[in-house]
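What follows is a single structure, and I will ask about it in a moment.
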Protein chains: 2
Amino acid sequence: MTLAHRVPELGALELLIAVARHGSMGGAARELGISQPAASSRIRSVERQLGVSLFDRSPSGSRPTEAGALVTDWARRIMEAAEAFDAGAQALRDRRDSRLRVAASMTIAEYLLPGWLIALRTARPDTAVSLLAGNSGAVAARLLGGEADLGFVEGLAVPAGLDGTVIGRDRLVVVVAPAHEWSARRTALTPTELAASPLILREEGSGTRQVLGAALASYGGLAEPLLELSSTTAVKAAVVSGAGPSVLSELAVREELVARRLLEVEVAGIHLRRDLRAVWPTGHRPSGPARELLSLTRAAP
Amino acid sequence: MTLAHRVPELGALELLIAVARHGSMGGAARELGISQPAASSRIRSVERQLGVSLFDRSPSGSRPTEAGALVTDWARRIMEAAEAFDAGAQALRDRRDSRLRVAASMTIAEYLLPGWLIALRTARPDTAVSLLAGNSGAVAARLLGGEADLGFVEGLAVPAGLDGTVIGRDRLVVVVAPAHEWSARRTALTPTELAASPLILREEGSGTRQVLGAALASYGGLAEPLLELSSTTAVKAAVVSGAGPSVLSELAVREELVARRLLEVEVAGIHLRRDLRAVWPTGHRPSGPARELLSLTRAAP
DNA sequence: TGAGGCCATAACCTGAATGTATGACCGATG
DNA sequence: CATCGGTCATACATTCAGGTTATGGCCTCA
């Protein structure tokens with residue numbers, strides 16, 4: 001039985017949340033534009049599926065049970081991810097007729113941009129954003145070719161012909177599964193040890209890999225990878241399953257570190273930071289929606 | 001049109017990810033136990049829905065387009081949340097016939113436990129876990145009554161009759177929407193200012209609210225709340241929409257802070273930390289699965 | 001040149017989700 | 001005390017997305 005069969009559909013989760021917020025099934029049904037019996041039946045089917053009763057029904061409304069409150073909170077997390085998906089997808093869809101065209105490197109497009117787009121949507125609901133993802137070179141090319149209004153890159157320097165501003169920092173962290181021997185170390189890893197260790201990495205050309213290679217260049221350079229995988233999440237999955245250590249963006253492993261599914265291993269005497277920058281063609285200071293988006297990405301005071 | 005209509009169903013996302021991982025639709029179909037045409041048609045319908053083509057088909061397989069790679073990464077985030085949902089739901093379902101019974105406070109049950117359960121499931125796939133959520137008092141009662149084997153509480157002290165160990169720390173942070181005046185402050189907030197400001201909070205009795213009240217007791221105590229909402233996510237939504245400031249667990253707002261949908265406001269001279277503890281009845285040191293789960297929650301070296 | 005991958009199309013089937021219609025319950029209100 | 005307005009549950013017909021099997025075209029590789 002696959003995961004999708006054990007978790008209710010997104011529509012059901014949305015309904016669940018609406019019922020919890022509304023305190024009534026009929027109210028939630030009206031909000032979502034479906035009939036009351038449809039809502040009632042769908043909630044019931046969720047309860048059947050989960051084997052837990054989620055709401056105490058009464059003629060005066062429906063209140064979440066203890067389990068129901070918990071389940072709706074977990075459901076909200078799924079819907080938040082869905083919201084990010086939607087924001088990103090909408091930007092991809094609007095490739096043609098858009099007013100704000102953003103070009104971003106993969107890590108930023110993957111982990112940060114969807115959140116910014118959600119924020120932008122609440123601030124400027126009518127701004128259509130389009131998104132192009134690629135490496136730093138591609139971002140620069142899009143900007144210089146007039147195909148994008150604002151770019152985001154992670155890297156050591158601003159590409160030629162562009163101006164930019166640092167909007168944040170990304171730290172690369174060495175991560176292992178809890179069962180890995182490194183998790184029991186009481187001393188920090190040395191750069192030499194790290195350089196000599198086969199790692200699970202993304203394919204050649206990924207920004208992470210370049211930064212890592214540069215940082216370890218004077219310690220013997222990067223060892224031959226243990227595994228080369230095509231997406232960050234595939235790398236994470238491999239690490240979690242115990243295949244070996246990896247070095248990944250802190251952005252990418254935040255959740256896993258909190259949940260302790262991955263553990264960070266300290267490295268001594270080496271800087272694995274890189275700046276995240278917003279960039280634009282020299283002279284073309286961002287204005288309008290681009291300026292708005294830029295301001296959303298700035299760090300808090 | 002609601003969000004659920006713009007985002008593909010979980011089954012479709014799962015398929016999407018499987019195709020990307022497999023490099024072939026037929027292969028993904030076999031993995032998920034459906035027929036190849038079904039997979040093909042479902043992917044096509046996702047592409048129609050999003051208005052973006054996701055895979056380059058060829059007689060030698062299907063490779064993600066640039067947009068496809070991005071979309072599958074976003075999809076993976078949704079599926080991760082779904083996995084956490086599933087882990088939690090399974091624990092709720094197994095209330096009766098379970099071997100490891102966990103009692104946890106709301107914040108931990110909501111934000112941390114699902115991740116631990118995922119990790120536990122990979123380490124001990126056959127351990128059925130049940131979950132009871134409640135406040136610290138309820139957790140203590142369950143443990144002392146023999147209805148739970150291991151507890152997790154956030155709070156200032158270990159409840160009487162229990163032993164425990166600190167497994168982490170939770171910091172309470174003052175958060176506002178980017179448009180809020182506090183986000184432009186160049187100086188830290190004073191505790192007196194914070195105490196005098198009406199906040200958006202969860203209902204009376206929440207652990208967060210107690211800790212906050214205690215920390216501000218000597219500064220005039222907590223002002224009357226601006227809004228009282230029933231779930232952390234409802235509070236977050238209200239803050240994001242600009243209703244006012246709130247004080248929330250760092251765990252709860254991590255994502256929003258990264259995405260800059262919420263901004264943290266520094267507070268001077270006040271400790272808004274609380275320990276997260278695993279607890280058990282005095283004398284009953286955790287053993288077996290409880291010990292395993294406990295070890296998963298311990299901090300990295 | 002044949003075998004074995006791959007994907008697409010066609011025709012059909014099933015089941016989940018929805019809508020309409022209806023009834024039972026509770027609480028506030030006159 | 002009867003009524004009205006809100007709640008949720010049940011019954012039944014309908015629709016449609018997603019599933020199946022069967023088949024064909026295309027490419028690669030031995």
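The figures that follow rest on heavy atoms only: side chains count, while hydrogens, waters and symmetry mates do not. Predicted model, so just to flag it, every value in this text is computed and none were measured. Below, chains carry the letters A, B, ... as their sequence lines are ordered, and counting in each starts from 1.
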Interatomic distance, B:Ile34 CD1 vs C:dC7 P [rounded to whole Å]: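 It works out to 12 Å between those atoms.
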Side-chain donor-acceptor pair present, B:Thr232, B:Arg202, cut-off under 3.5 Å: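 There is such a pair (donor and acceptor under 3.5 Å, judged by atom type) between the side chains of B:Thr232 and B:Arg202.
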Side chain of A:Arg30 - closest among D:dT20, D:dT10, D:dT7: D:dT7
Salt bridge B:Arg121-B:Glu83, side-chain N to carboxylate O under 4.0 Å: no
Residue met sooner reading DNA chain C from 5', once A:Ser41 and B:Arg44 are mapped to nucleotides: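 That would be B:Arg44.
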Side-chain donor-acceptor pair present, A:Ser58, A:Ser60, cut-off under 3.5 Å: yes
Euclidean distance, atom CG of residue B:Leu13 to atom C1' of D:dG18 [Å, nearest integer]: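 After rounding, the gap between these two atoms is 15 Å.
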Given D:dA9, C:dC7, D:dG18, the nucleotide with the shortest approach to the side chain of A:Ser40: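 Taking heavy atoms from C-beta onward, the closest nucleotide is D:dA9.
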For atom CZ of A:Arg57 and atom C1' of D:dT10, their distance in whole Å: 14 Å
B:Leu10 CG to C:dA16 P, straight-line distance once rounded to whole Å: 17 Å
Atom CZ of A:Arg63 with >12 non-hydrogen neighbours under 6.0 angstrom: no
Closest-nucleotide 5' rank along DNA chain C - winner of A:Pro59 and A:Gly33: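 Closer to the 5' end of DNA chain C: A:Gly33.
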Gap between atoms CG and P, on B:Leu15 and D:dG18 respectively (whole Å): 11 Å
Closest to side chain of A:Ser35, choosing from C:dC7, D:dG18, C:dG19: C:dG19
Atom pair distance, as rounded to whole Å: CG in A:Asp56 and C1' in D:dA9: 16 Å
Spacing of A:His22 atom NE2 relative to D:dG6 atom P, expressed in whole Å: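 To the nearest whole Å, that distance equals 14 Å.
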B:Gln36, nearest nucleotide to its side chain (from C:dT18, C:dC7, C:dC6): C:dC7
A:Ser24 vs D:dT7: side-chain N/O to OP1/OP2 distance below 4.0 Å: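 So the side-chain polar atoms of A:Ser24 do come within 4.0 Å of the phosphate oxygens OP1 or OP2 of D:dT7, strictly under.
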Under 4.0 angstrom between B:Arg42 side-chain N/O and D:dA17 OP1 or OP2: no
Integer-rounded Å distance: D:dG19 P and B:Ile43 CD1: 11 Å
Options C:dC7, D:dC26, D:dG19, nucleotide nearest the side-chain atoms of B:Met25: C:dC7
For A:Val102, the option from A:Val129, A:Val139, A:Leu132, A:Leu117 that meets side chain to side chain contact (heavy atoms under 4.5 Å, CB included): A:Val129
Sugar-phosphate only, base, or nothing, as touched by A:Ala38 at under 4.0 Å among non-hydrogen atoms: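 Answer is sugar-phosphate: A:Ala38 comes under 4.0 Å of backbone atoms only.
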